[in-house]
Number of protein chains: 2
Amino acid sequence: MEQYPSPDMADVQLVTVLSALADPIRLDIVRALADGRPHPKTAEVWHFDVQKSTLSHHFRILREAGLTRTIVDGRSHAIQLRRAELDERFPGLIASLVDATA
Amino acid sequence: MEQYPSPDMADVQLVTVLSALADPIRLDIVRALADGRPHPKTAEVWHFDVQKSTLSHHFRILREAGLTRTIVDGRSHAIQLRRAELDERFPGLIASLVDATA
DNA sequence: CCGATCGTTCGACATCTGTCGAACTATGAG
DNA sequence: CTCATAGTTCGACAGATGTCGAACGATCGG
């Protein structure tokens, strides 16, 4: 299917990742996703005060930057941090985001 | 004098730091500054292909985000990463930037 | 003092970015 | 099949951002 493609981690640039993280909503998402497990994209689950189209936009930025992958199951989608790959490509980066008091 | 003020590190937001890092030139600067020592602002030293006014703009963003401090000595200015403070406020973050193969 | 140098500031401009609402797609329920 | 639901895509728009060049301010050398 390859419906929602993420880039190869080897091609992911640090500055692209940092740009993706440089937004309050996306940073919150990534920090919440740091457990490495899939989380539903459902807008109501995320308490953000934006429309679902905006949230969808943020999910896309994260995926295209290489931070996340999308798991499709019927009409429900989940998003998952590519934790292991990221830890290998950018050691310590995700950990430092999680540790930090925002 | 307080001529070029940097914010208190306690007031520095993670997302602000990430926004400052989310630019190719500024990321390069920070990585070069990671040794913690002062570096001259001299445009020729930095090989970037932008005008000095643009470089000055980037230095300002970095300082206002809390990443650097400016040291004035006569008419020559130096810029220094606030390494120790940053390491305490955001453990591992700077290190992960330096480690990474951009 | 005078002129040169280092760096900042300002206004202008094009581009990028976050946001919305409406339309669309695909899946699942009855 | 029909309708509802989950999420995406699209066009529009306002505001932020990176860049330049010109003008400015401050300092140093002669």
Side-chain angles (χ1 to χ4, degrees), chain A residues 1-7 13-30 32-33 38-80, chain B residues 1-7 13-30 32-33 38-80:
Chain A
M1 287 297 116
E2 268 306 339
Q3 204 142 13
Y4 295 99
S6 308
Q13 298 296 117
L14 177 55
V15 71
T16 308
V17 169
L18 292 171
S19 297
L21 295 168
D23 175 276
I25 291 183
R26 292 196 296 265
L27 181 55
D28 269 13
I29 293 174
V30 169
L33 257 43
H39 290 238
K41 287 189 180 173
T42 321
E44 293 75 33
V45 173
W46 306 90
H47 65 298
F48 303 118
D49 198 21
V50 293
Q51 294 307 117
K52 62 177 183 171
S53 56
T54 300
L55 197 51
S56 185
H57 164 72
H58 287 307
F59 287 143
R60 171 196 282 261
I61 298 285
L62 289 174
R63 173 173 50 78
E64 291 182 346
L67 280 161
T68 61
R69 68 173 61 87
T70 296
I71 300 164
V72 179
D73 175 29
R75 62 186 158 169
S76 69
H77 295 198
I79 184 174
Q80 183 178 30
Chain B
M1 282 300 116
E2 266 307 341
Q3 203 142 10
Y4 295 98
S6 309
Q13 298 297 116
L14 177 55
V15 73
T16 307
V17 169
L18 293 172
S19 297
L21 295 168
D23 175 276
I25 292 183
R26 292 197 296 265
L27 181 55
D28 270 12
I29 293 173
V30 168
L33 258 43
H39 290 238
K41 286 189 181 174
T42 322
E44 293 75 34
V45 174
W46 305 91
H47 65 297
F48 304 118
D49 199 23
V50 293
Q51 295 306 117
K52 60 176 182 170
S53 55
T54 302
L55 197 51
S56 185
H57 164 72
H58 287 307
F59 287 143
R60 172 197 280 263
I61 300 285
L62 289 174
R63 173 174 48 80
E64 291 181 346
L67 279 161
T68 61
R69 68 172 63 86
T70 294
I71 300 166
V72 179
D73 174 30
R75 63 185 158 169
S76 70
H77 296 198
I79 184 174
Q80 183 178 30

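Sequence lines set the chain letters: A, B, ... in the order given, protein chains first and strands last, and positions in each chain run from 1. FYI, side chains are in, hydrogens and waters are out, and symmetry mates aren't considered; it's all heavy atoms of this structure.
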May I ask you to verify if any side-chain N or O of [X] is less than 4.0 angstrom from the OP1 or OP2 atom of [N]?
| X | N | value |
| --- | --- | --- |
| A:Q51 | C:dT19 | no |
| B:T42 | C:dG7 | yes |
| A:H58 | C:dT19 | yes |
| B:R26 | D:dG18 | yes |

Would you name the heavy atoms of A:D23 and A:I25 that are closest together and state the gap between them? OD1-N, 2.9 Å
Identify the heavy atoms of A:L21 and B:V15 that sit nearest to each other, and give their distance. O-CG2, 4.2 Å
With under 30° as parallel and over 60° as perpendicular, where do the rings of B:W46 and B:F59 fit, or are they tilted in between? perpendicular
Donor-acceptor pair, side chain of B:T68 and main chain of B:R63, under 3.5 angstrom: yes
Could you tell me the separation between the [atom1] atom of [X] and the [atom2] atom of [N], rounded to a whole number of Å?
| X | N | atom1 | atom2 | answer |
| --- | --- | --- | --- | --- |
| A:F59 | D:dG7 | CZ | P | 8 Å |
| A:E64 | D:dT8 | CD | P | 12 Å |
| A:R63 | D:dT9 | CZ | C1' | 12 Å |
| A:L27 | C:dG18 | CG | C1' | 16 Å |
| B:L55 | D:dT19 | CG | C1' | 12 Å |
| B:R60 | D:dT19 | CZ | C1' | 15 Å |
| A:Y4 | C:dA26 | OH | P | 9 Å |
| B:L62 | C:dT8 | CG | P | 12 Å |

For A:H58 and A:F48, I'd like to know if the aromatic rings sit close, meaning centre-to-centre distance below 6.0 Å. no
With a 4.0 Å cut-off on heavy atoms, is B:H57 in touch with a base, just the backbone sugar-phosphate, or nothing at all? base
Hey, does A:K52 reach any base, or is it just sugar-phosphate, or nothing, if we go heavy atoms under 4.0 Å? base
With nearest nucleotides of DNA chain C determined for A:R75 and A:D49 from heavy-atom distances, which residue corresponds to the more 5′ nucleotide? A:D49
5'-most by nearest nucleotide on DNA chain C - A:S19 or A:D73: A:S19
Using only heavy-atom distances, decide whether a donor-acceptor pair under 3.5 angstrom links the side-chain of A:T54 to the base of C:dG18. no
With no angle test and no hydrogens, is the base of D:dG7 tied to the side chain of A:S56 by a donor-acceptor pair under 3.5 Å? no
